[in-house]
Each structure stands twice: as structure tokens, then as C-alpha cells.
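This structure is a prediction, so every number in the text was calculated from the model and none was measured. All chains are named by letter (A, B, ...) in the order of the sequence lines, taking the proteins before the strands, and each is independently numbered beginning at 1.
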Number of protein chains: 2
Amino acid sequence: MKKTRVTIKDIARELKISASTVSRALQDHPALKKETKEAVKTLAEKWNYRPNAMALNLLRQTSTTIAVIVPDITSHFFSAAVTGIQDIFVSSEYNIMICISNESYEEEALIIENLSKVQIAGVLVAPASTTLDFDHFRKLQKNDIPLIIFDRDCEGFEAHKVLVDDYSGAFEAVEYLIKSGCRKIAHITGASNLSTNNHRLQGYIDALKKNNIPILEEHIIQASGFTHEDGIQPTELLLRSNNIPDAIFAVNDRLAVSAMRTAKKLKFRIPEDIAIIGFDDEPHSSYFTPALSTVWQPVYSMGMLSARILLHEIEKEEESKEFRHEVFKTELVLRGTSKKIQGDF
Amino acid sequence: MKKTRVTIKDIARELKISASTVSRALQDHPALKKETKEAVKTLAEKWNYRPNAMALNLLRQTSTTIAVIVPDITSHFFSAAVTGIQDIFVSSEYNIMICISNESYEEEALIIENLSKVQIAGVLVAPASTTLDFDHFRKLQKNDIPLIIFDRDCEGFEAHKVLVDDYSGAFEAVEYLIKSGCRKIAHITGASNLSTNNHRLQGYIDALKKNNIPILEEHIIQASGFTHEDGIQPTELLLRSNNIPDAIFAVNDRLAVSAMRTAKKLKFRIPEDIAIIGFDDEPHSSYFTPALSTVWQPVYSMGMLSARILLHEIEKEEESKEFRHEVFKTELVLRGTSKKIQGDF
DNA sequence: AATCTCTATGCAAACGTTTGCACGAATATG
DNA sequence: CATATTCGTGCAAACGTTTGCATAGAGATT
């Protein structure tokens, strides 16, 4: 089964020289005479010699593996972020290892526990929605493994962070709904311990406050998950209540799409009877009828920046205690599920 | 910066015993007396000792890293397949490394070239659409690195393969369109060297043949890519021709969705004027209006099976020359973009 | 008292690579 | 001709771990 690879020793034996000479020849060491170098290089090429990364890493006490921990990769959000990360590391000597936590704190902690057995150079993590405790992250920091938190903030935990300005994104979206004439704006929110959800909720609340619109508890409904199915029940609740809203701001596109279909089913006209704005701008969101208005996030860039920061952390020499904190701006994308602002033209 | 980890030697020094004894104590070697074992284990626990995977792999001449090469992870298809793969390996000692080829043969070959520097235990690959040459895969096989090809077949290249019965999936879909009364069925296909596309095309052709419907070249249009945008032009071409089809079978959901929107824009009624069937059954496909009829593929299971076969290949002892060839069945999912079969009730 | 058998532990080699130091030979300088 | 310098190469250690073999000490048998 196992055919062993060509090693430096094999080349040395064949050429009747020492392993050190082979090693130096391959590195173009100036002290060697060129005939030796050439002989070595020719044979190395012919035998398809590849240095053993494990031996090197052992010697150097380093690793070239980066771990990326995400809650899920089937959502466009994280798969695009991972693509951004990958696109940075692909041209480096590092390899990325993707780990999926399935939005579970336990799995996330287990992943980190397993990672500590393997040598890793650094970790990028978008915490699971059920992660409330950060000791597993602290353990990494204590072992001097650079850690970058992205997308989802861990409040009260210090680390390098790359986030999106969810608050402003939500604020802008809700304020737009108000300007377009909506007065009873509901919000479908998600898991309450996720910073992204909370910031969007706060943006929603503050936009209403600023415009002197009362905040109604009955108009803030929490969906039980992130998928399409999870949007049906909250929407039905809203549209069958005795205080029917005239707009829904959903915490993500999937829930917004689901709200849209549910509203249609209940014979609401969109956006006349009920306007809808989502969050994420997934690639297919513009293909619904009407096309979904939503808040775009620079996911790919966020992935790239996170990766760049990690790379810098791994390679920097000086010890520094300062943590970077980067926040990306969102963009409101207006399409068919929101009304136009009156008299804007 | 670098705080070195606790090693077996550190423990040995502290306890004034040899490294071998520590190693044996941690493995519960029967020759050691229990006081020694306990002392070692207690200290190892206290100091949070973790074996150095690199040293072990170097010693054993093995690796616990599996590479997964996919053309793209932002599509639901591959992200779901990768999730299936991950779910198998997560409970094993292996870690997976995700590599993205961006549908490019060059990048794919480069990835394999880079992988050969790192020690890897095995490779799972869904070849890029531009991959016509398989020498990079052969190189892996020559080095005894187990290789599994999934989703996309490489005709003329022998390896373990886990595929989907695209032919039957397409055949069924087209035959359904015929049974529901369509007679002028067009097909939007994709890159012509992709086995999946070709098998779907062949399924389309054979379904027409079987039902004595002439195959019109003008009704087979190749989209230039896989994204939504790539579906617009082919659809316009079809619907503005002087031989307008009454159904479109698209090679994937994205193109189908795009065809749907384009048809709507041109005032066609769906499915009365033009029926549409896609391929993939992406999670949001049922949320369009009308909901998209499509062909479901067991992607997640395909990922899992591929991973299981690889695991078996890596761990098996005996050399065997036989390649496994697994084919999954698809399922036709009928929703709003296709007509009902007359008199079926 | 001499030999034998356990028991518990240590030694050293091995995995593949790099690199500081040393060394022999050839060449240059006095 | 003796010494110094340069050139090309090899030795050995190091990284962390495992494991076959050796061995020291204790107790048992003759």
C-alpha cells in the first residue's frame, strides 16, 4: 500500500554525498559548487522530490494550517465569507481547514478541543448562535494562537474582530420604510444572543424612536431559526393579529422571502399592503416577485480582511496587546418589496 | 511571541524519569507500575499536555488531513456536499481541508501541486468544468494517495466515483413535460465538457426521441455559465424566436429561475404558455412564484458516501485494483412551473 | 552463595529536514 | 617551504514521539 516518498537521504545515497549537501544544493547555498547543485537538482526533479512538510514544521515548530470555524456553509453568507478567506490564503503558504459548528456551542468547543491536538497557526471564527461562554476561545489565546472573530461579536470578550455595522444597516432600512409612508413596522428577529440580531433589533427600535413611532412588543417577533420554514409562523402571527403592520423588516433574506410568500398567500399585496425588507442580499433575492428589497453586506470583503489580519498576526514579530476592531458598512438595496418615497422625483 | 507547548520531555524532566516512561504511562503500558502512571497522568492533565501531531505523523509516515477540492462553495450544491463530507470526518481523527478551484483547470492543477507538498491522506474532488486532462489526478494515484471523484465524472479516467444519475433525472423531467402536454420543449444546457450537463442533455434528447418528438437544434441553447445572469440571454433567444417553445428544461435551478423571470418579463404565463423545470432543488426554489418544479439530487448523501469510501480506502490494508462506482437516483419535484398531467385524477 | 526470573525503567534509533561547526584539501601569501 | 586563507563538504544535533532491546535491582530458587 504505502510506497514511501523520495527523501533527501535517497538523493544523497544515490549521489554518494551527504544529506546536508543535498539540502543546501536545493536551497542554492553559495558555498556549494555548481556541478554538485546541478546534479542534485536534476535528480530531485527527475525523482519528483517534495520536501516533507511535517518534518519541516516539526523542526521549525510551526504549522501552516489555518482553521476556519463557521456555523454553517450552506448559507450564502458564510460560503461567500469562506471564499473570501480562501482567496487570501490560496496565494500564501497556508492551507485552510474548514470546520462547521452547526450553530452549536458544544460542537464549536469540541472543534477547538480537537484543533488543539493538531498544530494550527491561527483560527478564524464566526461563533455559533448558542455560544455564550468564551473560555474555549480564551484557551487559544492563552496558547498564543492568533484568533480572529468575524461577523458575530462576542461582547465582553477581547479579540481581533471584523464585523458589519448591523445597527446602521437596520436603522437605514427601517427609516426608509418610514419615509416611504409605513407607520406600523414589524420586525422578525432571530436568536436573541446573537450580536448581529441584537444590533439589527436595536437599529429598528432606534429608527422608530427617532421618528416618534411607538414601539409595540407585539410587532417584534422572534423566529425560531434561520431557514425559510422559520419565517412562516411569525408572519402569520403578524398578519392575522388585530393590529396588522404595514411593513416587515426581517433579520435576514430567508425569513423575508418566507414572509413574502406567506403574505401573498394571505392575499396581501406587496408592497402596497405590506412592504418587506430583508438583510443579506442573497444572489437570488432579486429574482423573487416582487424582487426583494434588502440590506447588502460586504461578506466577501469581510472574509478577505479577516484573513489578512490573521496573516499579519501570525507573521508579526513584536508582541502587541492591541486588538483590531474593523466594522464594514452595509448598503440598502431597494427593489420591489418596498414602496418608493413619495415626491422624491 | 512563541510560547512552546508542553512536551513529553518537559514532563519527564519534572518527574525525573525518561521520556519513554512518560510516553508509556500515557498509553497505559502494562509494564509500568501504577504510581508512575498516575504521577505522569496527573501532571500531563495539569499542564494540559497535547501530543504533537506533527511529530507523530512524521514518525508514522502518515497524515490525518483530507483535501476536498470543489469548483465553488457558494452554490448550495457544493456547500451541501461539503457538509455531508464534513459530517463523516468530524467524528474521525481526520481533518478536512477545503480547496476551491473556481471552475478553473489551472487552479485545480495548482491546488494538487501544492497539496503534494503537504502530506495528505486522501483527496475528494469534484472536477472543474474546464478540466479535460486528468494527469494531475493520475499523479496522486501514482503516489498512492486515495482519490475519490464525486458529482462530475471524468470519462476515460479510472478512479472511485460517486455520481448522480443525471441522465434519468433529465429523462424523467422531460418525459413529464411531454405527458403534461408540452410538445416544443427547449433545453438550456451548460459547459459542454461537463459530464453532468452532457448526461442531462442526453436524457433530454432520448426522452424526446422516445416520444417521437423532433429534436431541434435551435431549441438547445448553451448558457455561458452557471449563474442567474447567464440564463437571461438564452431565454430571450428562445422566447423571441419564430419557433417559440412551450417548455424549458434548464440544466440547473439558477438558470431556470432566470428563465422564469425573463419569461414573465416578456409576458408569458407560467406554466400555461411556458412550463419550466430546473435541476438541483435549491432550498429557496419553492419560494418563487410560481414555485419551481425541479429535479432533486441527494447531495448531502453523496457527500457522505464519498467520504465513507475515502475513509475505507485510506484505512484498508490490502491492495485492490477495483474502483467503486456509485450512482445516486434523483427525484422529480413537481411544483408550480409545470402543468398537471391531464386526466391524472 | 550463586544463579535465575521478574519488574520497572532507561537508552537509542527512527521519521525528514536544516544548520552551526569542523575538517580536509586546494590555493594563495609570506 | 611553511603558514594562512578559501572552498566544498560532512558530522551531529535538534524538533517530539514511539518502541525494541538492554539493564538494574529485587526477590526467588537451587
Side chain to side chain donor-acceptor pair (under 3.5 Å) evaluation trace for A:D10 with A:Y49
CA-CA 10 Å; A:D10 298 328; A:Y49 165 76; over 6 Å; no

Taking the nucleotide of DNA chain C with the closest heavy atom to each, which residue, B:I17 or B:R60, is nearer the 5' end?
B:I17

Nearest to the side chain of [X], heavy atoms from C-beta on, is which of [options]?
{"X": "B:T21", "options": "C:dT9, C:dT17, D:dT18", "result": "C:dT9"}
{"X": "B:I8", "options": "D:dT18, C:dT9, D:dG10", "result": "D:dT18"}
{"X": "B:L59", "options": "C:dG10, C:dT17, D:dG16", "result": "D:dG16"}

Could you walk me through whether B:T21 and B:S18 pass side chain to side chain donor-acceptor pair (under 3.5 Å), step by step?
CA-CA 5 Å; B:T21 306; B:S18 78; 3.1 Å; yes

side-chain N/O A:S18 vs D:dT9 OP1/OP2, d < 4.0 Å:
no

Would the base of C:dC11 count as contacting B:S20 through its side chain, where contact means a donor and an acceptor less than 3.5 Å apart?
yes

Ring-plane angle category for B:Y94 and B:F89, please: parallel below 30°, perpendicular beyond 60°, tilted otherwise.
perpendicular

Does the plane of the ring in A:H160 sit parallel, tilted or perpendicular to the ring in A:F323? Use 30° and 60° as the thresholds.
perpendicular

Going by heavy atoms closer than 4.0 Å, what residues in residues 24-40 of chain A are next to DNA chain D?
A:R24, A:A31, A:L32, A:K33, A:T36

Measure the distance from CG on B:L58 to P on D:dG16 and round it to the nearest whole Å.
12 Å

In terms of side-chain geometry, is the basic nitrogen of A:R324 or A:E322 positioned less than 4.0 Å from the acidic oxygen of its partner?
no

